[in-house]
Amino acid sequence: MSDTQTETRKSGQEMEVQFLKGVGPKLAMMLRKVGIETVGDVLFYFPRRYEDRTKLPPLFQLSPGEAQTVRGRLLNVSSRPTRGGKVLIRAILDDGSGQVGLIWFNQPWVGRELQKIEGEIIAYGTVKHGQNRMLEISSPEWEPVEDDDDEEQFARLMPVYPLKEGVPQWLIRKAAKSAIEYFSRDIEDPLPVQVLKEEHLRDLKWCLRQMHLPDSERDQFEARKRLVFEEFLYLQLAQQMRRREVKQEVGISFPISEIGSIEASDASLFVDSEAAKRDVWEQIHAMLPFDLTGAQKRVIGEIFEDMERSAPMNRLVQGDVGSGKTAVAACAMLASVRCGYQTALMAPTEILAEQHAYNLKKLFEPLGITVTLLVGKQTAAQKKKALQATASGEAQIAVGTHALIQDGVDFHKLGLVIVDEQHRFGVMQRLALRQKGVGNPDVLVMTATPIPRTMTMTLYGDLDLSVIDELPPGRKPIKTHWKRTQDRDKVYGTVRELIGQGRQAYFVCPLITESPKMEVQAAEDLHYRLSNEQYPDLNVGLLHGQLKPVEKEEIMEAFRRNELHILVSTVVIEVGVDVPNATVMVIEDANRFGLSQLHQLRGRVGRGEHQSFCILIADATTEEARERLEIMVETSNGFRIAEKDLEIRGPGDFAGTKQSGFLNLKLANLVDDGPMLEQARAAANRILDRDPGLLLTENEKMLSEVRKQRSQEALVVVS
Ligand code: ADP
Ligand code: MG
């Protein structure tokens with residue numbers, strides 16, 4: 001293709017939308033409200049759904065329960081204030097055969113616009129039983145029927161675009177139609193013909209037309225399929241390229257299998273020279289107070305293989321809550337230290353970093369290995385000491401929050417980086433910590449709760465995956481009950497009984513996302529109620545996010561020592577807290593929590609030999625809340641809960657995806673498009689096998705999309 005052609009194509013798609021037939025400068029201003037500025041923007045502004053208007057039902061045939069499109073004349077548009085001080089708009093739609101009511105709450109502008117309509121309108125929404133035995137549609141989408149364009153409006157599958165106030169449906173339709181008709185010949189397909197053939201996909205020009213002016217549902221489906229594939233493909237290409245690049249770098253080859261023969265490591269690391277004679281598995285066995293599960297051993301084996309290789313490790317460990325990820329991390333740390341390298345563990349919150357430091361000190365200090373903590377809120381003196389210890393190598397293990405990746409933190413010989421994340425860190429934070437190492441340290445990422453496979457593939461597609469798919473033995477499944485608020489007293493009685501048997505309890509207070517202050521208030525209220533009214537004879541502690549780190553640590557310590565019978569807490573205990581004697585958790589207003597949050601919370605119990613309970617107190621306010629609570633009662637399998645969570649909430653809302661801003665998927669949907677994602681991953685690898693750097697001319701447009709993808713990943717920041 002010649003340069004001049006490229007230029008024409010650019011000016012085609014990059015032409016301002018005001019030059020489209022039937023648009024003009026005024027309408028272009030309106031289109032800007034939905035982010036459309038160029039012809040290319042229009043072409044890629046996709047409909048939300050389609051309406052088959054060739055089959056509109058006469059109104060007398062309407063039945064309640066389904067979303068339907070209706071057409072008729074407006075009678076009687078009225079507007080009146082409601083008791084809550086809002087406005088209710090009510091109109092009757094009539095087509096001669098029957099009538100349906102249309103209502104809008106608190107959208108006064110709709111009333112004003114409806115008043116202006118003389119002819120018919122089209123409305124769409126869910127039909128329900130309404131007042132006076134009439135059927136009704138609440139907050140329908142609607143548009144006037146345009147007489148001059150009648151045939152257009154009814155002869156085909158109509159695209160329905162997402163709108164903002166003041167941007168009419170017909171405008172986007174008009175712009176899209178004109179863009180397709182006048183500019184689609186300029187559309188160049190970024191995907192090479194060979195890829196389209198191999199994947200059985202249609203070309204871009206055809207697909208864009210079918211998205212905006214579909215000939216049939218099947219054609220539109222085909223078109224969407226290809227566009228979804230393309231979105232996934234760039235993501236997968238970016239990740240698979242990174243994955244291949246890392247594998248080509250030269251990192252550290254840890255001589256793990258030589259551990260035990262003194263020469264392999266610096267003998268000065270050992271307080272006890274006998275210890276230095278044992279191989280790594282014997283040392284692990286001696287260090288841990290329990291035997292590893294089969295799954296833990298397998299995953300540690302996979303990690304050791306990576307560590308021994310010279311290519312840097314880039315691995316993700318997934319496992320359900322309580323599956324023992326921390327122990328796996330500790331084994332990798334031990335191996336690193338025994339090979340003479342420092343290791344760093346980065347956690348998403350201070351309380352979790354403190355918890356990890358506490359647990360790791362217990363394991364490592366008896367071996368003469370020093371663990372140091374680095375968090376934001378330490379005093380200057382504490383920080384200075386910690387910084388010195390990491391820089392000199394005196395501390396072999398550093399644990400911290402993202403304070404670890406800040407400037408001024410230096411390591412003597414960092415070889416292994418572990419990131420414990422609740423999908424809270426992005427790619428860049430992992431890279432930043434990696435850069436603190438000597439050469440290319442090994443990187444291990446652990447997720448705190450399971451996430452669905454499609455999420456793993458999109459968020460962590462550049463990592464190798466290990467799954468701990470087994471819980472430690474002897475765990476009795478946690479019994480989960482859902483109780484209404486009226487049964488609260490009975491719940492309190494049950495808790496008292498368990499405490500009488502020597503156990504301890506957590507009470508988690510209602511989640512109040514709007515204001516941390518109110519949340520603390522709620523925690524204080526609950527603490528007051530429990531310690532003064534319910535359990536005046538018991539010791540009740542209170543933990544929330546606004547306490548100083550020392551205060552938090554003191555309270556956790558008292559709870560660990562069983563000096564507190566009950567710990568009242570906000571969600572700060574969601575991650576990592578580990579007190580096996582605590583066997584009952586009461587979650588107040590459980591309907592306010594998300595599923596993965598509930599699962600993570602519940603994971604704080606069921607950690608010891610005694611039967612554990614999780615009691616959810618809630619009156620389900622919505623259908624969605626009921627679903628969440630029921631699934632919690634039904635299963636404790638984190639992978640199943642994660643799938644369900646994604647399904648209920650939709651990917652846009654799924655835990656952590658908001659932070660992962662690079663997931664800018666326009667059409668693709670992680671709930672339904674899993675198979676397409678797998679296809680795209682396989683295709684990405686086939687393409688890279690042929691052309692690892694995407695340097696062939698036919699791949700050049702894919703390369704530029706992949707670059708865009710990467711620059712977006714670079715923008716992801718810790719929230
Ligand atoms: P996760 O981080 O995966 O939620 P943890 O690493 O916190 O899980 O482990 C949960 C609990 O199980 C801890 O009390 C830990 O000491 C214990 N544990 C881990 N592995 C085993 C094992 N193989 N056998 C017995 N207990 C174990
Ligand atoms: Mg953990």
Side-chain angles (χ1 to χ4, degrees), residues 320-322 422-423 448-452 455 471 475-495 497-498 505-514 518-519 522-523 525-526 529-530 534 566-575 577 582-607 611-657 670-671:
D320 207 342
V321 176
Q422 210 179 4
H423 6 295
T449 54
I451 55 177
M455 291 294 289
L471 292 179
R475 292 279 170 82
K476 299 196 178 78
I478 301 164
K479 290 190 176 152
T480 301
H481 301 282
W482 170 17
K483 296 287 178 194
R484 316 295 142 147
T485 47
Q486 75 215 35
D487 295 330
R488 199 175 254 130
D489 285 342
K490 263 191 236 156
V491 172
Y492 290 164
T494 309
V495 170
E497 251 172 62
L498 289 166
Y506 295 104
F507 276 80
V508 180
C509 342
L511 180 71
I512 301 174
T513 43
E514 304 85 49
M518 276 165 65
E519 187 161 294
D525 291 348
L526 181 62
R529 210 151 42 79
L530 295 180
Q534 287 296 330
I566 292 176
L567 185 63
V568 175
S569 170
T570 55
V571 284
V572 295
I573 59 152
E574 178 186 342
V575 276
V577 172
T583 60
V584 54
M585 170 172 284
V586 179
I587 304 179
E588 300 272 352
D589 287 359
N591 54 311
R592 293 187 182 225
F593 294 86
L595 253 183
S596 67
Q597 212 165 19
L598 287 172
H599 181 62
Q600 184 70 31
L601 282 168
R602 178 169 61 182
R604 301 309 104 209
V605 296
R607 300 186 149 243
Q611 176 63 54
S612 285
F613 303 89
C614 175
I615 306 174
L616 309 167
I617 300 190
D619 295 324
T621 41
T622 62
E623 176 68 11
E624 200 193 300
R626 196 180 54 75
E627 264 187 83
R628 280 198 305 264
L629 296 165
E630 279 174 355
I631 191 88
M632 283 297 293
V633 171
E634 184 188 307
T635 182
S636 50
N637 178 330
F639 286 93
R640 185 155 146 53
I641 287 176
E643 296 285 349
K644 191 77 190 172
D645 196 17
L646 181 60
E647 194 185 302
I648 296 177
R649 285 204 284 168
D653 223 20
F654 190 81
T657 33
L670 293 178
V671 180

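Not measured: the values here are computed from a predicted model. All residue numbers refer to positions in the sequence shown, counting from 1.
- For W482 (side chain) and V633 (main-chain N/O), no donor-acceptor pair under 3.5 Å exists by modelled atom type.
- Atom-to-atom distance recorded for E634:CD and L629:CG is 12.5 Å, nearest 0.5 angstrom.
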Inset, instruction - Walk me through it: do T583 and V605 pass the test side-chain contact (heavy atoms from CB on, under 4.5 Å)? - result: CA-CA 5 Å; T583 60; V605 296; 5.6 Å; no
Legend entry - Full working for side-chain hydrogen bond (donor to acceptor under 3.5 Å, both in side chains) between D320 and H599: CA-CA 10 Å; D320 207 342; H599 181 62; 2.6 Å; yes
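- Salt-bridge check for E623 with R626: passed, with a basic side-chain N closer than 4.0 Å to an acidic carboxylate O.
- Contact of the C614 side chain with the I478 side chain is registered, since non-hydrogen atoms from C-beta on lie closer than 4.5 Å.
- Counting heavy atoms from C-beta on, the side chains of V508 and E588 never come closer than 4.5 Å.
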Legend entry - Residues L616, K483; criterion side-chain contact (heavy atoms from CB on, under 4.5 Å); working and verdict: CA-CA 6 Å; L616 309 167; K483 296 287 178 194; over 6 Å; no
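- Of the charged side-chain nitrogens involved, none lies within less than 4.0 Å of a carboxylate oxygen, so that R484 and D487 do not count as a salt-bridged pair.
- Every residue meeting the side-chain contact (heavy atoms from CB on, under 4.5 Å) condition with E624, not counting sequence neighbours, appears here in chain and number order: T622, R628, I648, R649.
- Side-chain contact between V491 and I617: present, with at least one pair of heavy atoms (C-beta onward) separated by less than 4.5 Å.
- The backbone N or O of R640 lies less than 3.5 Å from a partner atom in the side chain of N637, making a donor-acceptor pair.
- Between the T494 side chain and the K490 main chain, a donor and an acceptor come within less than 3.5 Å of each other.
- Partners of K479 according to the side-chain contact (heavy atoms from CB on, under 4.5 Å) rule, which considers only residues two or more places apart in sequence or in another chain, are H481, Q611, F613.
- Side chains of T480 and R602: a donor on one and an acceptor on the other come within 3.5 Å.
- The nearest pair of heavy atoms linking V568 to A523 is CG1-O, 3.9 Å.
- Residue A590 comes nearest to A618 through the heavy atom pair N-CB, 3.9 Å, listed as atom of the first residue, atom of the second, then distance.
- The shortest heavy-atom contact between P450 and G638 is CG-C, 3.6 Å.
- Proximity of a side-chain donor or acceptor of R607 to a complementary backbone N or O of R475 within less than 3.5 Å is not detected.
- Note: R529 CZ to C509 SG = 10.0 Å, rounded to the nearest 0.5 Å.
- Under a 3.5 Å cut-off, the side chain of S612 and the backbone N or O of G606 do form a donor-acceptor pair.
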Legend entry - side-chain contact (heavy atoms from CB on, under 4.5 Å) between L567 and F507, intermediate numbers included: CA-CA 6 Å; L567 185 63; F507 276 80; over 6 Å; no
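- Looking at every heavy atom in both residues, L646 comes nearest to L670 through CD2-O, 3.8 Å.
- Between D645 atom CG and M455 atom CE the span is 9.5 Å, to the nearest 0.5 Å.
- You'll find the side chain of L598 reaches within 4.5 Å of the side chain of I587, heavy atoms only.
- I631 has its side chain within reach of L595: a pair of non-hydrogen atoms, C-beta onward, lies under 4.5 Å apart.
- Proximity of Y506 to V586: side-chain heavy atoms (C-beta onward) are nowhere separated by under 4.5 Å.
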